[in-house]
There are 2 protein chains.
Amino acid sequence: MTETATASVVAASIADSTAGSKSEQAYQAIKARIVEGTYTPGYRLVLAAIAKDLGFSVVPVREAIRRLEAEGLVKFERNVGATVAGIDPTEYLYTMQTLSIVEGAATALSAPLVGEADIARARAVNAEMRDCLQHFDPVRFTRLNQDFHSVLFEHCPNPHILDLVHRGWNRLASLRSSTFRFVPGRAHQSVDEHEALLRLIESGADADTIEKAARLHRSATLDAYLSQTNLKDHS
Amino acid sequence: MTETATASVVAASIADSTAGSKSEQAYQAIKARIVEGTYTPGYRLVLAAIAKDLGFSVVPVREAIRRLEAEGLVKFERNVGATVAGIDPTEYLYTMQTLSIVEGAATALSAPLVGEADIARARAVNAEMRDCLQHFDPVRFTRLNQDFHSVLFEHCPNPHILDLVHRGWNRLASLRSSTFRFVPGRAHQSVDEHEALLRLIESGADADTIEKAARLHRSATLDAYLSQTNLKDHS
DNA sequence: AGGTACGAAATCGTATACGAAACATACTGG
DNA sequence: CCAGTATGTTTCGTATACGATTTCGTACCT
């Protein structure tokens, strides 16, 4: 297979992996670049350009983009092209609200299956987050935040819901930095709520209580963001 | 544009509409056939065959199938092909559970925006459903059921959530007939719950109450199905 | 000078073509 | 008679090619 010499290094390194079809490879590559921030929101995704860069033809790239569109990571307009889905404040609001609901549900469903080891791991992550509050690094903090919540919802027995949660997180990841960059004050409170959430799960609280707590935890972040940006247009 | 003469009548009639790209047309056509039941679960979707039948090449068909895959209507296996996603009892369970959550949320968010006219319309539909209980027709009943709930959640201001609800309904539509075919006893109770739900919304009940009611309404159907089919494997 | 119409370039959409993988079948060797 | 391998057919995966559509720049008219 004579890979085009112009294929970028990063693309090649991804393509080399055992990933099957080129569609899949393209999907992974583009997604990575969006999440990582190489392709910033609003960036115009030109099929031919990406294809040349990745070293294969446009057909797999098209499919990859369609998949990303379905996930909401890119916006697609017929006969015009695809752009990286920006995080329109409104979109952000919608995504956070949706995530609050599905993540809340996933966490509640997951709770009975969360063992002591998981709790311990989550607590360790939360401790790191607390440390992180000193010399505050929003990006790192957000990363830890995802780790923390992952522990809590990954045991969710319903794969559909779990998938929805992952999609939500992915969309938020497009926000290169993090919510906490905009509302640093929220970070401190967030850590405390994490501990409270852990206690709830440990004590075997009923599903409804856990769900509400998890949902509120996220809504609070959203509200903090909203009051910060003076968005009157509240759904 | 020389359309192949062998294109099936139904495909042509759909294609004639103002629908834009062939991708889109293919998507609509295939989806229609799945929902309508022409392609039953497990049916093997051969790209070339569908392409020939619809009158255009395989490329748009591929894209359409990928989209349907993202929506969960078809299952896809690399180098093997696509099949209509059956409704594995387990899958059914997952879908219903997910729908109970997102539809509950959508209904609650929608409630404040539901006007008297909407309520009246919903009530009319529910009356039809009650009639329908006499000479019971599961398919018709399910149709009305969707109409009823549509009125209640279509005003949901969050398009993401609304989209999730639609996807859920679509998946359930793959069930050619209806849940109520399996648990006809549930139909009667369902109508009563609908009226209760309407009263709640009319009285301006708080979001949480409405959400719980809507969610429970669906969970109850799921539970009825489960106890019917003796599925011990309860998530 | 401003706006509109025309045309060229860029980019997308789809068809056709060929190579690769998976599955079914028949054949050969034990 | 059975097992394992070889071969053929089906179907998918991707590349290339060309037509269609949009967009942008430029020239012309008012």
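Predicted, not measured: the structure shown is a model, and the values here were computed from it. Naming: A, B, ... by sequence-line order, numbering from 1 per chain. Every heavy atom of this structure was used, including side-chain atoms; hydrogens, water molecules and symmetry mates were not.
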Phosphate OP1/OP2 of dG13(C) contacted by Arg62(A) side-chain N/O (<4.0 Å): yes

For atom NZ of Lys52(B) and atom P of dT16(C), their distance in whole Å: 14 Å

Sugar-phosphate, base or nothing in reach of Leu45(A), heavy atoms under 4.0 Å: sugar-phosphate

Test: Asp53(B) and Arg33(B) ion pair at under 4.0 Å: yes

Check ion pair Glu24(A)-Arg67(A) (N to O, under 4.0 angstrom): yes

Whether Phe153(A) and Trp169(A) hold their rings parallel, tilted or perpendicular, with breakpoints at 30° and 60°: tilted

Side-chain ion pair, Arg62(B) and Glu63(A), N-O less than 4.0 Å: yes

Under-4.0 Å side-chain N/O to phosphate OP1/OP2 contact, Ser23(B) with dT14(C): yes

Between dG13(C) (P) and Glu69(A) (CD): distance, integer Å: 10 Å

Closest to the Val59(B) side chain, choosing from dT16(C), dT14(D), dA21(C): dT16(C)

Minimum-distance nucleotide (side-chain atoms of Pro60(B) versus dA15(C), dG13(D), dT11(C)): dA15(C)

Nearest-neighbour nucleotide for the Lys22(B) side chain, dT14(D), dT14(C), dT21(D) considered: dT14(C)

Interatomic distance, Leu54(A) CG vs dA15(D) C1' [rounded to whole Å]: 15 Å

Distance in angstrom units between Arg44(A) CZ and dC24(D) C1', rounded: 12 Å

Which nucleotide in dT16(D), dA22(C), dG13(C) has an atom nearest any side-chain atom of Val80(B): dA22(C)

Rounded interatomic separation in angstrom, taking CZ from Phe56(B) and C1' from dA20(D): 16 Å

Nearest-angstrom distance from the residue atom CD of Gln25(B) to P of dG13(C): 13 Å

Given dT14(C), dG13(D), dA15(D), the nucleotide with the shortest approach to the side chain of Ser57(A): dA15(D)

Asn79(A) CG to dG19(D) C1', straight-line distance once rounded to whole Å: 12 Å

Check: Ser100(A) side chain, Gln97(A) main-chain N or O, donor-acceptor pair, under 3.5 Å: yes

Nucleotide dT14(C), atom C1' - distance to CD of Glu24(B) in whole Å: 15 Å

